[in-house]
Amino acid sequence: MKKGPRLNGLIAATYTPMYADGRLRLDLVEPMVERLIADGVAGLYVCGSTGEGMSLSTVERQQVTEAYVAASRGRLPVIVQVGHNSLAEARILAEHAASTGADIISATCPSYFKVPDESTLIDCMADLASAAPATPFYYYHIPALTGSAVDIVKFLEQAGVRIPSLVGLKYTDTKLFEFQCCLAIDNGAYDVVWGCDEMLLGALATGAKGAIGSTYNAIAPVYHRLISAFERGDIGAAQAAQMQSIQFIRSLYRYKFHPAMKVVLSLLGIDAGPCRLPLGGLSTSEIEAIRAAMVEGKYLQR
């Protein structure tokens with residue numbers, strides 16, 4: 001299934017809202033989705049790294065999926081990340097996502113026992129994707145977190161025969177040359193979506209049409225300016241918007257990134273709570289420092 005959808009524009013890797021004690025707070029999903037739609041986001045990537053999918057139980061991941069599919073109401077595509085160290089659980093999640101109405105499923109590889117080569121990765125993803133054979137599948141390449149050192153270009157070159165539903169790749173790495181190779185496979189047969197917010201401008205120059213990222217939850221207008229400037233050939237303005245993004249992200253990396261992003265969401269009016277352990281939350285002083293940085297960056301008024 002090398003045809004299928006092509007993801008364009010900004011796709012938000014969504015956060016999973018929680019109460020202070022770590023319970024899911026699914027009543028916040030709808031207002032989160034409405035805000036993203038108002039900000040011009042073109043899709044939702046659910047239960048990925050940003051959404052703490054690996055810290056949720058299978059039942060919780062199903063509940064989060066149902067909440068986002070219901071809140072989207074068909075207005076934008078919902079991609080559900082179903083990867084798991086247990087392929088049996090991943091199949092359950094894949095089948096559930098498809099039955100719930102998700103538009104696309106995506107998955108990381110198992111990461112506790114490392115995937116040693118492209119052939120094993122194909123075996124794993126074929127097994128998982130077979131649970132939802134009619135739903136387009138995007139492999140989620142994020143080697144910094146999975147520890148998978150396979151050649152992702154070779155994987156895409158070889159995987160199509162074994163995984164008929166494979167239509168694309170979420171590429172979360174920084175190797176633009178490798179990203180370009182993925183885009184070129186079979187004359188552009190696969191939809192390769194960029195996943196590093198700090199390097200969106202470089203990805204656009206390399207051929208990216210869609211991007212999935214965490215900071216699109218908070219500063220999507222910055223990235224819209226970047227894309228518009230690039231499309232009209234104003235590289236200076238595009239570089240300025242990318243630098244604004246970089247400065248925003250660097251300010252959050254002074255802390256734990258995802259807990260800091262949840263603080264940002266709360267400052268913007270969506271109290272999504274803390275992250276679960278091992279990520280956890282931030283101290284009062286750290287929260288105040290983020291507030292001050294948001295004011296200085298003109299994302300908040302005093």
Side-chain angles (χ1 to χ4, degrees), residues 2 7 11 13 45-56 58 61 79-94 97 104-132 135-186 189-199 202-203 206 208 210-214 257-258 278-279:
K2 294 182 186 176
L7 295 170
I11 295 97
Y45 191 89
V46 177
C47 286
S49 308
T50 303
E52 300 177 78
M54 298 308 182
S55 296
L56 305 178
T58 294
R61 289 170 73 169
I79 306 109
V80 179
Q81 197 284 121
V82 300
H84 202 290
N85 275 322
S86 164
L87 288 173
E89 293 297 305
R91 288 194 300 271
I92 290 170
L93 288 165
I104 295 165
I105 59 171
S106 179
T108 57
C109 61
S111 58
Y112 184 84
F113 296 114
K114 306 305 179 194
V115 174
D117 50 44
E118 294 79 35
S119 177
T120 305
L121 179 58
I122 291 169
D123 287 344
C124 291
M125 295 302 104
D127 182 71
L128 179 159
S130 68
T135 303
F137 174 67
Y138 283 61
Y139 176 60
Y140 180 6
H141 177 62
I142 183 166
L145 290 183
T146 63
S148 170
V150 304
D151 186 323
I152 194 61
V153 178
K154 289 182 179 178
F155 167 78
L156 276 186
E157 289 174 338
Q158 299 170 13
V161 173
R162 290 282 312 284
I163 312 172
S165 60
L166 178 68
V167 299
L169 176 74
K170 179 182 186 291
Y171 185 91
T172 304
D173 203 353
T174 58
K175 301 183 184 75
L176 283 171
F177 67 90
E178 187 177 65
F179 176 70
Q180 186 169 354
C181 286
C182 291
L183 287 171
I185 291 170
D186 292 345
Y190 291 105
D191 184 22
V192 187
V193 184
W194 185 249
C196 181
D197 305 9
E198 303 96 316
M199 295 179 63
T206 306
I212 299 172
S214 305
F257 179 78
H258 287 304
L279 295 177

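The structure displayed is predicted, hence computed values, not measured ones.
Pairing each heavy atom of Thr146 with each of Lys114, the nearest pair is O-NZ, 3.4 Å. Annotation for Ile212 and Asp197: closest pair O-OD1, 4.0 Å, computed over non-hydrogen atoms. In plain terms, the two heavy atoms of Thr174 and Cys196 that are nearest each other are CG2-SG, 4.1 Å. Nearest heavy atom pair, residue His84 against residue Met54, reads N-CE, 4.3 Å. Residues Val82 and Ala107 approach most closely at CG2-CB, 4.1 Å, considering heavy atoms. For the pair Thr50 and Ser214, the tightest heavy-atom approach, listed with the atom from each and the gap, is OG1-OG, 2.5 Å.
Val167 places none of its side-chain heavy atoms less than 4.5 Å from the side chain of Ser165. Contact annotation: the side chain of Asp123 approaches that of Arg162 to within less than 4.5 Å [non-hydrogen atoms, C-beta and beyond].
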Show your reasoning for whether side chain to side chain donor-acceptor pair (under 3.5 Å) applies to Asp117 and Thr120.
CA-CA 6 Å; Asp117 50 44; Thr120 305; 2.7 Å; yes
Could you go step by step and tell me if His141 and Glu178 meet the side chain to side chain contact (heavy atoms under 4.5 Å, CB included) rule?
CA-CA 12 Å; His141 177 62; Glu178 187 177 65; 4.0 Å; yes
Side chain to side chain donor-acceptor pair (under 3.5 Å) for Ser49 and Tyr140? Distances and angles first, verdict last.
CA-CA 10 Å; Ser49 308; Tyr140 180 6; 2.9 Å; yes
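For Asp173 (side chain) and Pro143 (main-chain N/O), no donor-acceptor pair under 3.5 Å exists by modelled atom type. Between the side chain of Gln81 and the backbone N or O of Thr108 there is at least one donor-acceptor pair closer than 3.5 Å. When atom types are taken as modelled, the side chain of Glu157 and the backbone of Ile185 share no donor-acceptor pair closer than 3.5 angstrom.
To the nearest 0.5 Å, atoms CZ (Phe137) and CD1 (Ile79) are separated by 13.0 Å. Between atom SG of residue Cys182 and atom NZ of residue Lys175 there is a gap of 10.5 Å, rounded to the nearest 0.5 Å.
The only member of Tyr190, Tyr139, Tyr171 that meets ring pair (Phe, Tyr, Trp, His ring centres under 6.0 Å) when paired with Phe155 is Tyr139.
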